[in-house]
Every structure is written in structure tokens, then in C-alpha cells.
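All remarks here apply to the structure that follows.
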Number of protein chains: 2
Amino acid sequence: MDNANPEITAASSTAGISIAAVERDTGLGKDTLRVWERRYGFPQPLRDACGERLYPAEQVEHLRLIKRLIDQGQRPGKLLRKPLAALAEQLAGSPPTIGADDTADWVVALLKNRDVDRLRTEFAQRLARDGLERFVIETVPALNRRIGDGWMRGEIEIFEEHLYTELIQNQLRASIYALGSRGSRPHVLLTTVKDEEHLLGLLMVEALLAANGAWCISLGAQTPVTDIIGAVRCTTTDIVALSFSGAYPWRKARDTLLELRAALPETTGLWAGGAALTGRRRVIPGIRIIDNLHAIEPALADWHAMRRATQNSGHCTEL
Amino acid sequence: MDNANPEITAASSTAGISIAAVERDTGLGKDTLRVWERRYGFPQPLRDACGERLYPAEQVEHLRLIKRLIDQGQRPGKLLRKPLAALAEQLAGSPPTIGADDTADWVVALLKNRDVDRLRTEFAQRLARDGLERFVIETVPALNRRIGDGWMRGEIEIFEEHLYTELIQNQLRASIYALGSRGSRPHVLLTTVKDEEHLLGLLMVEALLAANGAWCISLGAQTPVTDIIGAVRCTTTDIVALSFSGAYPWRKARDTLLELRAALPETTGLWAGGAALTGRRRVIPGIRIIDNLHAIEPALADWHAMRRATQNSGHCTEL
DNA sequence: AATCTTATTTGTCCAAGACAAAGCAGTTGA
DNA sequence: TCAACTGCTTTGTCTTGGACAAATAAGATT
């Protein structure tokens with residue numbers, strides 16, 4: 001008669017779920033949920049026998065919708081005052097196709113068909129046909145745009161985006177691994193800083209660097225600044241390369257870069273790229289902003305030129 | 001004279017880190033940290049100009065030690081009243097070097113020498129010599145223990161651990177990619193849930209599964225629960241496999257698993273493993289706990305047996 | 001058009017109190 | 001001997017309302 005596990009009953013009955021569960025499901029913090037309730041009157045959860053919040057499924061759904069719109073850049077204040085219907089409408093209609101590029105539609109079609117094997121094959125074939133450089137500079141960005149657009153329009157599920165990212169990353173990793181350049185200069189240390197988890201951009205850079213003879217060490221994502229400093233101090237790193245996605249606040253990126261610049265030896269190069277930095281013409285002293293993928297090759301060439309110059313002035317008088 | 005950027009001063013000084021950062025680093029909840037301070041007088045963080053907690057690095061280290069002992073089954077009340085020295089002794093004493101295995105010392109030596117190329121070669125050679133299965137089941141765990149142990153003893157820098165993880169992951173990815181089993185059953189969907197970012201365990205599982213003929217789709221790390229549900233709903237997934245590292249709170253893992261179990265179709269298997277779950281005697285209904293890597297092969301065998309049985313009862317009477 | 005101010009929005013933190021869920025210890029009954 | 005029930009203690013999470021820093025928008029300035 002009695003159910004031994006209260007959680008199961010709670011989940012199966014229509015009463016609602018706890019605030020911790022809502023945090024898990026929506027990604028909105030407990031504090032945020034409470035303060036919204038106080039300020040805007042939504043959500044308005046039921047209460048269980050001992051006064052704890054119980055969120056009905058429909059409110060959770062509503063919250064999830066709001067979260068999605070916030071991620072698109074909308075302000076919470078506006079969204080929380082609107083009725084559910086207006087939100088749904090807004091999500092459907094908003095972006096009228098930014099990069100109208102239907103040459104990448106095949107990737108969406110294959111994703112919708114869950115044709116993972118075919119996706120892998122397609123990626124591999126295009127890579128082989130166009131070469132790594134063109135694949136990274138042209139194909140992957142086009143696909144990224146198409147996927148991002150599809151997600152905004154609700155055409156693509158989140159997990160499909162996950163899957164796409166995973167497959168592309170694997171393809172890039174395999175290529176980099178196959179290149180296996182050893183010991184050649186420059187030695188580049190790649191990573192993203194704390195709170196920045198997007199690896200794809202970093203992998204694209206790594207692929208281009210490796211294709212041009214640089215020797216890369218990737219520390220993966222979210223390396224704290226102090227650890228980066230520590231890593232450089234005890235390795236033979238020539239250049240530190242960081243990636244900042246569009247989600248990363250520009251000011252924070254700049255501060256981080258300046259801090260790093262101050263802490264690193266002057267001989268160590270510091271390159272930074274990613275959507276958070278491109279488009280800003282602001283030059284940060286001592287830091288090379290990589291505006292786009294085409295900028296990597298010249299940057300490498302510059303490094304080699306500078307190195308030759310330094311060596312010459314050091315060892316010979318002139319050559 | 002005045003520093004324009006408060007972040008720089010804060011970060012470069014040894015002041016401490018915020019409560020949110022401690023939660024991330026230790027896996028202990030904000031509320032828990034505050035209530036410990038109130039009840040036991042530890043931790044006792046500094047305060048910044050506006051009264052917010054600032055945890056010095058040594059206290060965070062202390063907390064991490066406590067967390068580790070709690071995960072071994074000790075009671076918080078006892079641990080928090082003991083001085084640091086007693087704890088360290090306890091940890092050192094209880095498992096008298098768990099895997100007293102100095103055969104893994106080479107990895108530490110190479111890491112200290114920053115000999116990345118040699119590390120890659122060693123990994124690749126051992127993998128080729130022992131086979132993927134033995135490499136994943138024996139070698140990698142031994143290395144992990146050695147690294148974790150070295151880190152606890154301050155022998156290894158954090159970035160060296162980062163680097164090690166990255167290199168091993170690449171090796172595993174390359175192997176999985178090379179296997180490329182297509183379409184065969186079961187179809188396993190692998191991922192970690194939100195707030196769980198440790199991928200290595202997941203990759204090890206994926207390698208073993210792939211080596212035994214399963215067809216894996218990895219969604220990478222940090223997939224929200226609802227997205228997992230969505231992914232299963234529209235794919236031909238037979239089994240969902242999740243990994244929870246030791247830093248992940250056990251209670252949260254259990255709740256997540258129960259929620260998933262309730263939401264997934266009964267025919268879909270749900271496997272879970274990782275340090276957060278092993279060692280717990282508690283059985284969660286409907287969920288297969290993978291206590292260790294050896295448990296994967298039998299689990300796969302069971303799945304095949306069950307499938308045969310179901311098919312037989314469905315199509316024929318007996319065989 | 002890019003930067004610097006100022007105003008508003010918005011998320012996170014704090015405090016102490018409360019209490020349920022989990023664990024422990026001792027008792028009872030099969 | 002082991003399992004189940006009891007009461008007792010420990011322990012983590014939830015509650016409230018206030019406060020304020022960080023993020024963003026809007027306006028001013030070069």
C-alpha cells in the first residue's frame with residue numbers, strides 16, 4: 001500500500017517537484033527561483049505539508065522556455081511578465097535566418113535522421129577532399145552557423161547539437177592526432193580559462209596550427225589562470241593561445257588577458273581569439289588578437305620572422 | 001597608484017576564493033559550507049570588503065580532504081573536529097597506498113620532464129602491446145591512481161594532471177574512432193549530467209563497450225536530464241550509460257538516476273558508474289550500478305541474454 | 001562609432017531558524 | 001543469528017527578507 005520511496009510518489013503524482021529538482025532540470029539556481037517568485041510573482045509553486053516548494057510540471061515547462069529565451073539574449077524582467085502564449089510565439093518567430101546558407105542543410109537532415117554513421121563518413125570525406133585547412137576554415141564554420149541557426153529556430157534539439165559537436169570534435173582530434181608533428185617550433189599551449197567550456201573553437205585552432213607545423217599541447221577547457229601561469233613557467237612554451245566564446249563577457253576576457261600578460265615572461269607570446277574578441281578593434285597591448293581563422297597562418301609566419309631576427313641579433317651580427 | 005581592476009588584485013593575492021568556487025571545487029554545497037562554519041567552527045573563511053566569504057587555498061585543501069574521507073564512509077561531525085594532521089594521517093593510514101604500485105612511476109617522471117612526445121609514444125605502445133581492454137581495465141586505472149596519489153602528496157602540479165588527462169583521453173578517442181563498430185547492438189548513449197564534467201571515466205567505458213561490439217553515441221559532458229530523455233525518445237537507444245565522478249554528491253546522483261528511470265521507457269536500460277556510486281551498498285531499483293570496469297562485460301552479456309529471451313517469448317514459444 | 005558615465009536590472013550571498021532524511025544504537029521477536 | 005522496529009543524534013537542505021555586486025542598458029562625450 002504505502003510506497004517506500006517518497007521521491008517516486010512525488011514524481012509520478014501530479015503534485016510537483018522540489019526546488020532542487022527544478023534547479024537540475026532548468027539550470028536556474030535555487031536562489032534565482034526564489035527571488036523571481038518574490039519579485040515577479042512567477043513561478044508560484046505549491047507547498048507541501050511542511051511548507052517546501054512544489055513546482056507543478058507546467059510551471060517547470062514554462063521556466064524551461066524562459067531559460068531558452070534568456071540564453072538567446074532576452075531580459076528576464078520582460079519575459080517573466082509575459083504570459084506563456086506570448087513566449088511560445090516569440091521563440092518560434094524571432095530570427096529570420098541570419099546566414100542564409102542552404103549548402104549545409106545536409107547536416108541537419110542527417111542529424112534529424114540520427115544517421116550517425118553517415119555523418120561520420122560525410123565529415124571524413126569532406127575533410128579528405130578539401131584538406132584539413134579548408135575543412136576547418138570553411139566547412140566547419142558554415143556547419144556551425146547552420147546548426148546554431150537551426151537551434152535558435154527550434155528546428156534542432158539540444159542533444160542533436162551536442163551530438164554534432166561531439167562528432168566534429170572527434171573528427172578534428174583524429175586529424176590532429178594523425179598529423180603528430182613532433183618537437184618543431186613554436187610550442188603552443190592551448191586552453192580555455194575557467195567558466196569557458198567551449199572546446200570546438202580551440203580544436204579548430206589547434207588543427208590549423210598543427211597543419212602549419214606548430215607543436216601543440218592542449219590542456220583542455222577551464223584551466224584556471226594561475227594554472228596556466230604555472231604550466232608556462234615549467235614548460236618550453238613559446239605561445240599561449242586562448243579561446244573565448246561569444247557567451248564569455250568581453251570585459252572579463254580582457255582582464256584575464258591582461259593579468260596573464262603581466263604574469264607571463266615577455267618572450268612568451270599570447271594569442272587570443274573567439275567570438276568574444278572579434279569585431280572589437282580595441283588592441284590590447286602585448287596580446288595578439290586572432291580575429292578569424294585566416295589570421296593564424298600570418299601570425300605563425302610573424303612568429304618565425306621575429307624569432308629569426310632575434311637569433312640573428314643574438315648570435316651573428318647580420319646575415 | 002590605485003589598481004583599476006579589482007579582479008587582478010584579488011586573483012594574484014593569496015586572499016582566497018568565493019563560496020561558489022569552493023562548491024565547484026569540492027562538491028560540498030554552499031548551505032553545507034555555511035552550516036559547518038556555524039556548527040563546528042570550520043571552515044573559517046576570511047571576508048572581503050563587502051562581507052562575503054573568501055576561502056584560503058589551504059582551507060579548500062582541507063575541505064577536499066574531508067570530502068574524500070566522508071566519501072569513504074566517515075561521519076562529518078568527527079572529521080570536522082579533528083585537526084588537519086590527524087586527517088592526513090587517517091587518509092594515509094587507512095588505505096596503505098591503495099594500489100601500492102610503483103610500476104606507474106614512469107608516467108610521473110615523464111610528466112615532470114614535460115616529455116609529451118614520449119608520453120604519447122608510451123601510451124600508444126602499451127595500448128598496442130596489451131590490447132585495448134587490458135589497457136583500459138588495468139593500465140589506465142593504475143595510472144590514474146598514481147596521478148591522483150601524486151597530486152594529493154603535492155608531487156604533481158594541477159596542470160600536469162590536466163595534461164595527463166588530455167593525453168590519455170586523446171589516446172582513448174583515437175582507439176574508439178579506429179574501432180568504428182557500426183550499427184551493431186546494443187546502442188548505448190553515453191554522457192554525464194549537468195555539473196559533472198569529468199569525461200575520462202566515460203571514455204574508458206566507451207572504449208570497453210566499443211571493444212565488445214556495442215555501438216556508442218557519446219553526447220559529451222553535462223547533458224541536462226531532460227535532454228537525455230529527449231535524446232532517448234527520438235533515437236534507437238537500448239541503454240543509457242552515465243558516469244558520476246567522486247566530486248558529484250551521491251544524493252544528487254541518486255535523485256537524477258531515479259528521475260531518469262521514471263522518465264525513460266522500461267525497455268531502455270540505465271547503467272551508472274563512477275566513484276560517486278561505487279562502494280555504496282544501496283541498490284537503486286531499475287538501475288544497473290557498474291561498480292568497476294570488469295562489470296561491463298557481464299552487463300553486456302546479460303543484456304544480450306535478456307534480449308534473446310524477450311525475442312523468443314515474443315516470436316517462438318521456446319528454443 | 002567607440003569609449004566613458006550613470007541608472008537599472010538581475011543574480012548571488014548572508015543570517016539564523018527550522019526540520020526531514022539518514023545514520024546509529026539498542027531492543028524485541030522470529 | 002538476523003531482521004525489523006524503536007528512539008536518539010547527526011546532518012543536509014529549505015525557509016525568510018534584506019542587501020549588494022556584477023551585468024546590462026541607456027545616455028553623454030570625444
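Chain letters run A, B, ... following the sequence lines, proteins first, then strands; residues in each count from 1.
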Using a heavy-atom cut-off of under 4.0 Å over every strand shown, decide if A/R39 touches base, sugar-phosphate, or nothing.
base

Do any side-chain nitrogens or oxygens of A/S18 fall under 4.0 Å of OP1 or OP2 in D/dT13?
no

Phosphate contact (C/dT12 OP1 or OP2) by A/T32 side-chain N/O below 4.0 Å:
yes

Taking only N and O in the side chain of B/K30, is any of them less than 4.0 Å away from OP1 or OP2 of C/dT12?
no

Students should find that the end-to-end axis angle of the helix from C/dA1-D/dT30 to C/dA30-D/dT1, with five pairs defining each axis and rounding to 10 degrees, is 50°

Ignoring backbone atoms, establish whether A/R53 has a side-chain N or O less than 4.0 Å from OP1 or OP2 of D/dT15.
yes

Under-4.0 Å side-chain N/O to phosphate OP1/OP2 contact, A/R47 with D/dT16
yes

For C/dT10, does either OP1 or OP2 sit under 4.0 Å from a side-chain N or O belonging to A/Y40?
yes

For A/R81 and for B/R38, locate the closest nucleotide of DNA chain C by heavy-atom distance; then report the residue assigned to the nucleotide nearer the 5' terminus.
A/R81

Using a 4.0 Å heavy-atom cut-off, does B/R75 contact any base of the nucleic acid, only the sugar-phosphate backbone, or nothing at all?
sugar-phosphate

dist A/Y55:OH -> A/E37:CD (nearest 0.5 Å) comes out at 5.5 Å

Between CD1 on residue A/I70 and CG on residue A/L80, distance to nearest 0.5 Å
6.5 Å

What's the spacing between B/I228 CD1 and B/L242 CG if we round to 0.5 Å?
5.0 Å

What pairs with A/E61 under side-chain contact (heavy atoms from CB on, under 4.5 Å), at least two apart in sequence or on another chain?
A/R64

Is the number of heavy atoms from other residues, nucleotides or ligands under 6.0 Å of A/E155 CD greater than 12?
yes

I want to confirm an ordering. Mapping B/D31 and A/E37 to their closest nucleotides on DNA chain D, which one lands closer to the 5' end?
B/D31

Is there a side-chain polar atom (N or O) of A/R34 under 4.0 Å from OP1 or OP2 of D/dT15?
yes

Taking for A/G29 and for B/V35 the nucleotide of DNA chain C with the nearest heavy atom, the one nearer the 5' end belongs to A/G29

Starting from the 5' end of DNA chain D, give me the residue, B/W36 or B/C50, whose nearest nucleotide shows up first.
B/W36

